[in-house]
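Data first, discussion second: the structure below is written as C-alpha cells.
Hydrogens, waters and symmetry mates play no part in the numbers below; they use all other heavy atoms, side chains included. Source: prediction; values computed, not measured.
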Amino acid sequence: MPYSRQSLAKRDAKDPLGAFRDEFILPRGVIYLDGNSLGAMPKAAMARSQELVSQEWGQDLITSWNRHGWFDLPTRLGDKLADLIGAKNGEVLITDSTGINLYKLLSMALDLRPGRKVILMEGSNFPTDNYMAQGLARQLDRGHEIRFAERENMAVQITPEVAVVALTQVHYKTGAMFDMEAITQMAHKAGALICWDLCHSAGALPVDLAGANADFAVGCSYKFLNGGPGAPAFLYVAKRHQGKATQPLSGWWSHADPFAFERDYRPAGDIHQMLSGTQPILSLTVMECGLDMMLRADMDAIRQKSMALGDVFIGLMAAHCAGSGFALASHPSAQERGSQVSFTHPHGYAIMQALIDQGVIGDFRAPDILRFGLTPLYTRYVDIWGAVEAIKTVMDQNLWQDPRYARRARVT
Ligand SMILES: *Cc1c(COP(=O)(O)O)cnc(C)c1O
C-alpha cells in the first residue's frame, strides 16, 4: 500500500495551499472533483454579488458605468488575468464565451493569412471549438477547410496550406497536454498562426503565452478560475497582431470611438477591437473574486499539488480498485497530464451517477470516460482517499446496477 488515510492527512497539514480551502463555500459531506467543469464558489462572491445588485444596480443605476467602472471591466480584469497566462497588459480581455471568442480570433487569423485555406484542429477536441470553426468556414464561404488530426500526429499535419493551428493545450477528456512552445514554433516555421484554447490550463498550471510566442488564445473563467456559472471567457491577442485585421462581430464596443455613435464602423486599434457589445456585468463583476484569489496563490505550488493529487488518485485506484474494469485514460506521468485524472469503464455513466449519490462529484464524458478534476485550492489529499473509497464501495456492492443510474440526464 503506497498511501494511507493518515499519511495523506499529514500531507494536508503541511500543504502550503491548505488555507485557501476556507475561502470557498463547499457543501458538507461532498467531495467535489468537478472544478474543471464548474469551479467552486469563493466566499467573497456572496458579499460582492449582494453589494453589486443592491448598490451598483439598485441604487446607482446607469451612473455605475462610470462610477463603478463597469465599462472598463473587460480590460481591467483582462489585465489581471494576463499575469496568470504570461501575457502583457493590453493583450487580454474578459468577454463573451470561449466559443464566440474563438470565432472572432479564427476569423482574424484567416484574414492575416489570405493565401491559405486550412484550419488545423484536433478532431477529439471539445466540440464547440470545432463547430465554431465549421460555422466560420461556412459563413466566410471562401473555400476554407477544417483539417482534423489527433495529438499523436498533429505535428506532421502542420503543412504550408495551414493558415491557423487551433488547439486546446490540455485535452478535456484525458488531460493530455501539448507542448505549447514546441507546437507554436512548428506552426510559425510553417508560416501559420496559432490559437491556443486554455480552458483546462488557466488557473490549473503555469502558462506562458509570451514565452511560447503565441499569437492568439481563448479560455473559460468558470472552470479552474472559479468565476461562477456562465462567467465570461477570456481572449488574448499578441500586441503585434492588434489592429492588423478586423473581427467579424464588430459591435459598437469594438469601435474606435463608441460614444461618437458614428454611422460607419471604424475598428479600435488596440485590444478593444475584440469586444462586441454590452457585457453581462453581474457575472463579469463576480468573476473577479475567483481571479483575485488565484492571483494570490503560487502557480508553481498549484501545479506541484495538482500533479501529486493525480499520482495519489492513480496509485489508490491501482491498489484498491484493480479488477473492477477501470482503465487509466490519462497519462501515467504527471508531467504529461493536466489537472485531472480520467478512467474509462464500459458502465461509466451509471458508476458516476452512483458515485454522485455517495457524495463524490465527478463527471462523465461519452462514450465511457469518468473524469475527476483536481483543484489544488480546495481539494485535499484526504478527499482523494475518500473518493477512491467511494468508488470501491460502488463497485464492490454493485450499487451502479440500480436501474435509476442508467437513465441519462440532460447534462452529464
Ligand atoms: C469548457 C470548454 C469550452 C466551453 O465553451 P463555451 O463557449 O463556454 O460553451 C470550450 N472549449 C473547450 C476546450 C472547453 O473545455
- Task: Evaluate the side chain to side chain contact (heavy atoms under 4.5 Å, CB included) criterion for residues K80 and E288: first the C-alpha distance (whole Å), next the side-chain angles of each, then the deciding distance (0.1 Å), finally the verdict.
- Result: CA-CA 9 Å; K80 280 195 177 189; E288 188 172 14; 2.7 Å; yes
How long is the span from the [atom1] atom in [X] to the [atom2] atom in [Y], to the nearest 0.5 Å?
| X | Y | atom1 | atom2 | value |
| --- | --- | --- | --- | --- |
| C289 | R48 | SG | CZ | 7.0 Å |
| I194 | H188 | CD1 | NE2 | 6.5 Å |
| N101 | M132 | CG | CE | 9.5 Å |
| R21 | L26 | CZ | CG | 5.0 Å |
| L33 | L374 | CG | CG | 7.0 Å |
| L77 | L81 | CG | CG | 9.0 Å |

So, does [X] use its side chain to make a donor-acceptor pair with the main chain of [Y] at under 3.5 Å?
| X | Y | value |
| --- | --- | --- |
| D12 | V382 | yes |
| S7 | Y3 | no |
| H255 | D264 | yes |
| R113 | L193 | no |
| S330 | S342 | yes |
| K104 | L249 | no |
| T375 | Y378 | no |
| Q247 | Q273 | yes |
| E91 | K239 | yes |
| R371 | K173 | no |

- Message: In terms of relative ring orientation, are F71 and W253 parallel, tilted or perpendicular, with 30° and 60° separating the classes?
- Response: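 The arrangement is tilted - the two ring planes meet at 30° to 60°.
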Within the structure provided, determine whether [X] and [Y] are in side-chain contact (heavy-atom separation under 4.5 Å).
| X | Y | result |
| --- | --- | --- |
| I391 | V394 | no |
| L225 | I94 | no |
| R240 | D215 | yes |
| M294 | I302 | yes |
| Q169 | I183 | no |
| M186 | V165 | no |
| L93 | F234 | no |
| S339 | P376 | yes |

Distance-minimising heavy-atom pair for [X] and [Y]:
| X | Y | value |
| --- | --- | --- |
| R303 | P206 | CB-CD, 3.8 Å |
| A297 | L377 | CB-CD2, 3.8 Å |
| Q358 | A390 | CB-CB, 4.3 Å |
| M108 | T246 | CG-O, 3.8 Å |

- Carefully, step by step, assess E150 and S124 under the rule side chain to side chain donor-acceptor pair (under 3.5 Å). CA-CA 7 Å; E150 290 305 316; S124 65; 2.6 Å; yes
Mark yes when over 12 heavy atoms from residues, nucleotides or ligands other than [X] sit less than 6.0 Å from its [atom1]; otherwise mark no.
| X | atom1 | answer |
| --- | --- | --- |
| R138 | CZ | no |
| K10 | NZ | no |
| W57 | CH2 | no |

Under the rule for side chain to side chain contact (heavy atoms under 4.5 Å, CB included), what residues qualify as partners of [X], not counting sequence neighbours?
| X | answer |
| --- | --- |
| F364 | Y349, M352, A366, R408, T412 |
| T98 | D197, C199, V218, C220, A233 |
| R142 | L110, D111, K117, L140, H144 |

- Message: M177 vs L205, test: side chain to side chain contact (heavy atoms under 4.5 Å, CB included). Steps then yes/no.
- Response: CA-CA 11 Å; M177 275 173 70; L205 41 100; 4.2 Å; yes
- Task: Using a strict 4.0 Å threshold on nitrogen-to-oxygen distance, state whether D357 and R404 make a salt bridge.
- Result: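 A salt bridge links D357 with R404.
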- Looking at R380 and D383, does any basic side-chain N land under 4.0 Å from a carboxylate oxygen?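 Yes.
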- Message: Determine whether L198 and M180 satisfy the following criterion, side chain to side chain contact (heavy atoms under 4.5 Å, CB included), listing intermediate values before the conclusion.
- Response: CA-CA 10 Å; L198 303 176; M180 186 182 284; 3.4 Å; yes
- Sequence neighbours excluded, every pair satisfying ring-ring contact (aromatic ring centres under 6.0 Å, His included) that has a member inside residues 84-133: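 Sorted pair list: F126-Y172.
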- Query: Is it the case that T95 and Q279 place a side-chain donor and acceptor less than 3.5 Å from each other?
  - Reply: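 Looking only at side-chain atoms, Q279 and T95 do form a donor-acceptor pair, the distance falling under 3.5 Å.
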- Message: Side chains of T184 and N213: any donor to acceptor distance under 3.5 Å?
- Response: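 Result is no, nothing qualifies.
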- Message: For K88, give me all partners under side chain to side chain donor-acceptor pair (under 3.5 Å), at least two apart in sequence or on another chain.
- Response: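 Once residues adjacent in sequence are excluded, K88 has no partner under the side chain to side chain donor-acceptor pair (under 3.5 Å) criterion.
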- Task: Quick one: list whatever passes side chain to side chain donor-acceptor pair (under 3.5 Å) with D396, sequence neighbours left out.
- Result: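 Only K392 meet the side chain to side chain donor-acceptor pair (under 3.5 Å) criterion with D396.
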- With sequence neighbours excluded, residues passing salt bridge (charged side-chain N to carboxylate O under 4.0 Å, His left out) with R147: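 Residues passing salt bridge (charged side-chain N to carboxylate O under 4.0 Å, His left out) with R147: E161.
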- What residues, two or more places apart in sequence or in another chain, satisfy salt bridge (charged side-chain N to carboxylate O under 4.0 Å, His left out) together with E262?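 Listed in chain order: R266.
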Apply ring-ring contact (aromatic ring centres under 6.0 Å, His included) to [X] and list each qualifying residue two or more places apart in sequence or on a separate chain.
| X | result |
| --- | --- |
| W400 | H347 |
| H241 | F216 |
| Y381 | none |

- Query: Please, which pairs that meet side-chain hydrogen bond (donor to acceptor under 3.5 Å, both in side chains) have at least one residue in residues 28-40, sequence neighbours excluded?
  - Reply: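 Qualifying pairs, neighbours excluded: none.
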- Task: Take L105 and V237, measure what side chain to side chain contact (heavy atoms under 4.5 Å, CB included) needs, and give me the verdict at the end.
- Result: CA-CA 8 Å; L105 292 177; V237 179; 3.5 Å; yes
